[in-house]
Each structure stands twice: as structure tokens, then as C-alpha cells.
Amino acid sequence: CPHLNQAFRNEKTRDGVLKTYNMIRYIIEHSTFKNRYLLSMRCSECNEINCGSTFMCLQCGFCGCWNSQHFLAHSEKVGHIFGVNSSNELLFCFKCMDFVSGNEMLANSMLIKCWDDVSVKSLLPTARGRDGLCGLVNMGSTCFMSSIVQTLVHNPYVLKYSLDQYHAAHCTVQDSKSCFSCALDSVVTSFYGPSDDVTFSTQQRGFIDLLSCAWKIDKNLAGYSQQDAHEFWQFFLNQLHSDHTRISKNSPTKVGHCNCIAHSAFQGTLRSTIICADCHEGSNNTFDPMMDLSLEIKNKFNLVECLQSFHEGETLTDFNYKCSSCESVRNPIKQMNIAKLPPVMVLQLKRFEHLMSGTSVKLNDPVHFPAYLNMTPYCHQDSSSGMPVIIYELVAVISHEGSVNQGHYTSMCKIPGGQWFRFNDSMVVTISEEEVLKQQAYLLYYIVRQVG
Amino acid sequence: APTIESTSQSIYDNLLSTMIQDIVARSTTQAKTLRARYGDNST
Amino acid sequence: QLKGQIQQHLVESGNYELISNKLSQKLLQEGWTDQVKRLTSVEIDNNKNASFPEVLAKVEPKAIQLVSESTKQEIISQIQSYLSEIVET
């Protein structure tokens, strides 16, 4: 708008225009409904409310309507050419007969008046951030922990949570040796922080703190025996949740609804139904929270078969059942549906079988899993409305090689841009997606990618 | 002379035209601002 | 001026806000808002330099037509019932 640019050429006029414009925007944003309708949306000429858009004059107190062109008449009569639309705060030039657009000074005018304060309190983000690709030294059978840590610090939701510094801004402990979430933040800092003052050993600092935190909280995690990565995963989420509870005890969350990163990113809801074997009537619906899905893999060829058998459920034998509609007493089927899908879905392939004798054996059967997974078939479908297709994308795999006690965990993560990396303790290499899909997967991480 | 019907219709017309103009104002201004910032072929 | 007074009374009684909110909610629910946005985008794409009045001249008549009859009648009859209470004919 050449007319506004003209006004902005003189610094005094420019500041006057911006100040008045901000004042009018403040009035629009802070007026009660009644005042808005009776004052800023009512035409001073015809006294009508909402006679189309109403414009508030930048140079006097006049309000003019669009439909009866009363602001235009005002503009032609007294030469005031700028009006602020009282519905959307946009500035209209009645010389150009169009809204002013593309003027960054105007768009950020609220910032102008506090710019000095902002510039003093702002730090330029370091462009020297690292790429987050860093190995973790094996400190004695710690691969079951480092593989979990890698999947977490490369998970977009967890990474954003840490980089947003929510925990760092609220935690009263502020010590990565005594607070698990602070330790996670320090891992993220050493992985993604400025690279100039970081050496490989300082990059291990966060992980060492995280280990010592874990050992303090759960003695069983200490020592050199191989442990289950899935159990450490659950331990990790519990810890993030309890840290969140500790730091947000003042801000009550809705009962049964936790907004910590563990629950908001990974919690879904399972719905189980007892189905009559004869008339297929469903009853006894129960809903349970789920943080991951554990799937049987025996005699299964691929992930879809595992999910299918999970979904079809199991025949209940020890259950004195009588169908309420057909009175059948045949053994019913307990069917599992997903009532609510989480943003990040974790699937555990049950490879470790704990026998009655107390020993554990490992199932090495290959289970094929896709890079993209449609979860709609396993969700509870409300008969009336069709479910949209819900596509999940594979973003991390934790694989296990070897036997139960002499095995080794490695993790593979997909980073933004779609490239895959394999984290094998301190070694980090690129790996093709084709290779990833051949892994003997133990934990699979899928992230919601498309709905509908 | 205005009747209840004609006045009701007119109040309704006012409301609707304000809503339409609000949508058009926001969309046209946003489109132009984005074009000024990122050029013509931004998606 | 009479209309202005009637509107003022509607605003002060709080009914104007109810009517306005109800209309915008119904228009949103029936997809009218998205349709008008799409119509506007089409006009903008067809003529990148079109000014607000030019785009409005094309969009407004269609947008008025797009309001479902049930919504229109419901809102107008609600206004009428308020007016019947406050206007001595």
C-alpha cells in the first residue's frame, strides 16, 4: 500500500500509526461482546450493527459500515483513509480500496513496542547444533538401555518435549545425576547441542547420569546381567511420568488424563468384548489403557497376522458364561479392539517365552513387518460411521540377536528426511530401509502419519 | 413500514454478510501476505 | 434508526450474541464456512491480484445461496420470536 509506505517514511508518523493501530487492536481483543457490538461493530452514521464489516478510523473515533459505504463516505469527506476491520483487526486502505497486506512492520506491530525488551532478552539459536547421531559406549551389558535411549531421543514427540525444556523449566532438582528426566535432557543436549565444546566422552555424560539415576531407582538394573529392553522401556516411561507428576503437582490434570510426555505420546486405549460363540452378540465391554501391544509370534509369518490374532482374541474356557440374548452357554470369545490409537504405537514381539520350569527360551522366528501399517482393521469400528484409514509409519526398531542371556540389542531409527541409522552401542552407521525390514525385531515403533 | 418479518430478515442479512466479508478479508489478505513473503509458487 | 434501536436491545439482552454464535456454529457444522473459504481460494487463484471488493463481489452472492434453508429459517424465526417480545406492532 503506497499510502501506508508514505506514512511509514516519517518515523514519527510511522510510530503514531502503529501505536494507534495497536490500541485499536487491543480494544477489539479486550472488549466484551456487548461493547464490541454496540461500539466497534456499529456504524456511527446509520447506527446499524454488522451492516457488513465495520471499520474503526485510525485518525478519529468514527466507525463506518461497508454495506452502506459509510466509512468510504467518511474517508472521502475528511480524508481519513485507514480503517481497522472490527471483526479481524485487518487494516483497510480506502484509497487502494483493499486490505493492506505484506507489510511486515504492520504484521508484527505488536512486537514493535516491546522490541527493545525482546532483543535484550533474546539469544540467537546456535546454528552449530549437532545432528543427534551419537553412539553410547557399552558400560557392561547396557545395550538394553542404550537401545531404548536411542529410540527415545530420536522420537519426534520426545525430542520436541525435551527441546521445549518443559521439564528443565519446572524441575526443582535440576541435577542429571539425581533426576531421570534431567538426565534425559542432558543426553539430548549432548546429542543435539552446540558441537564446538563437545568431545566423545562428554557426550557420554548424559548416558552415565541416566544409568546411575536408573540404578539408584531400581537396584535390579545395576550389574552385568542382560536385561529385557521392553522392561527398561516401561521403567523409562514410568519414570518420565513420575517426574512429570512431581513437577506439576500444582497444575491439576483432569482425573484419569495425564498430559505427561509418556502418556500423551504413547498411551492408547484397548476395548475388550465378550462375544457369544453362537449369536456373536457382544457384552461386558471393558476399556483399559495401553502403553504398548505385546503380540504372540508363534507360527506367525508377519506382523499383520500377529495383530489379526490379537484382534480376534481368545476362546474363554474357565468362564461360566450364558449369552443374554440367545442363552447359549458355549465358551465365548474375548475380542480385543483398539478404542483409541496413540500418536506413537509400540509393538512388542513376544520372543522370550518363560516356561513353567522357570527357564526362558527365545523364539528366533523371523516376523516380517511393514514400513507403513494401516491400523484401521484393529480398531473398534462404530457401525454407523465408517472409520478413516489410519496409516502409521515405522520410525524405530529394536532388534535382539543371540540367546536369552547371551544376546545383544541394537536399535535402528529413522531421522527427519527419511534416512535410517543403526545404533550398535558406540557405533553409528547408515542402514537401508530394506535392511531394517529384515531385522529380527523385538520392539517396533510406529508413528501416526496419515488419517483419512 | 418495517414489519417484524422484514426487520428479522434484515438483521439476519447483516449477520451473514459480516461473516462472509470476514472470511473473504482474512483469506485474501493471508494469500497476499504469503505471496509477498514467499513468492508466487509457494504451496 | 428503528432497526439500530432493535439491534441495540437485542445486544443488551444478550440475545444478539446467542443468535450470532448459533448462526456461526450451524454454518460451521454444515460445512458452509469451508465452502466459502474454498470459493474464495478459487477466486484468488484465478486472479492473484484481485482486490477484496472484486473477490467479495464474486463470492458473496454464492455464499448467501449456500446457506441451507433450514438454517436460514431457524435463525430468522429465532430473531422474529425475540422481536415479537420487544416490538409493539
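Chain naming here is simple, since letters A, B, ... match the order of the sequence lines and numbering starts at 1 in each. These numbers come from the heavy atoms of this one structure, side chains and all, not from hydrogens, waters or symmetry mates.
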Margin query: Please identify which of these residues, B:T18, B:I11, B:D13, meets the side-chain contact (heavy atoms from CB on, under 4.5 Å) condition with A:N50.
Written below: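 Only one option passes, and that is B:T18.
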The residue among A:S86, A:S87, A:S53 that forms side-chain contact (heavy atoms from CB on, under 4.5 Å) with B:D22 is A:S87
Is it true that, when you exclude [X] itself, more than 12 heavy atoms of the residues, nucleotides or ligands shown sit nearer than 6.0 Å to its [atom1]?
{"X": "A:Y26", "atom1": "OH", "answer": "no"}
{"X": "A:E29", "atom1": "CD", "answer": "yes"}
{"X": "A:E11", "atom1": "CD", "answer": "no"}

What one should report as the nearest heavy-atom pair of A:G102 and B:A36 is CA-CB, 3.8 Å
What one should report as the nearest heavy-atom pair of B:K32 and A:S101 is CB-OG, 3.2 Å
Rounded to the nearest 0.5 Å, how far does CZ of A:F99 lie from CD of B:Q30?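 One gets 13.5 Å once the value is rounded to the nearest 0.5 Å.
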The reported gap from OG1 in B:T28 to CG in A:L90 (rounded to nearest 0.5 angstrom) is 8.0 Å
If one checks every heavy atom of A:N103 against chain B at 4.5 Å, the contacting part turns out to be neither
Engaged part of A:N67 at the chain B interface, taking heavy atoms whose separation is under 4.5 Å: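 When you check distances to chain B, only side chain atoms of A:N67 fall under 4.5 Å.
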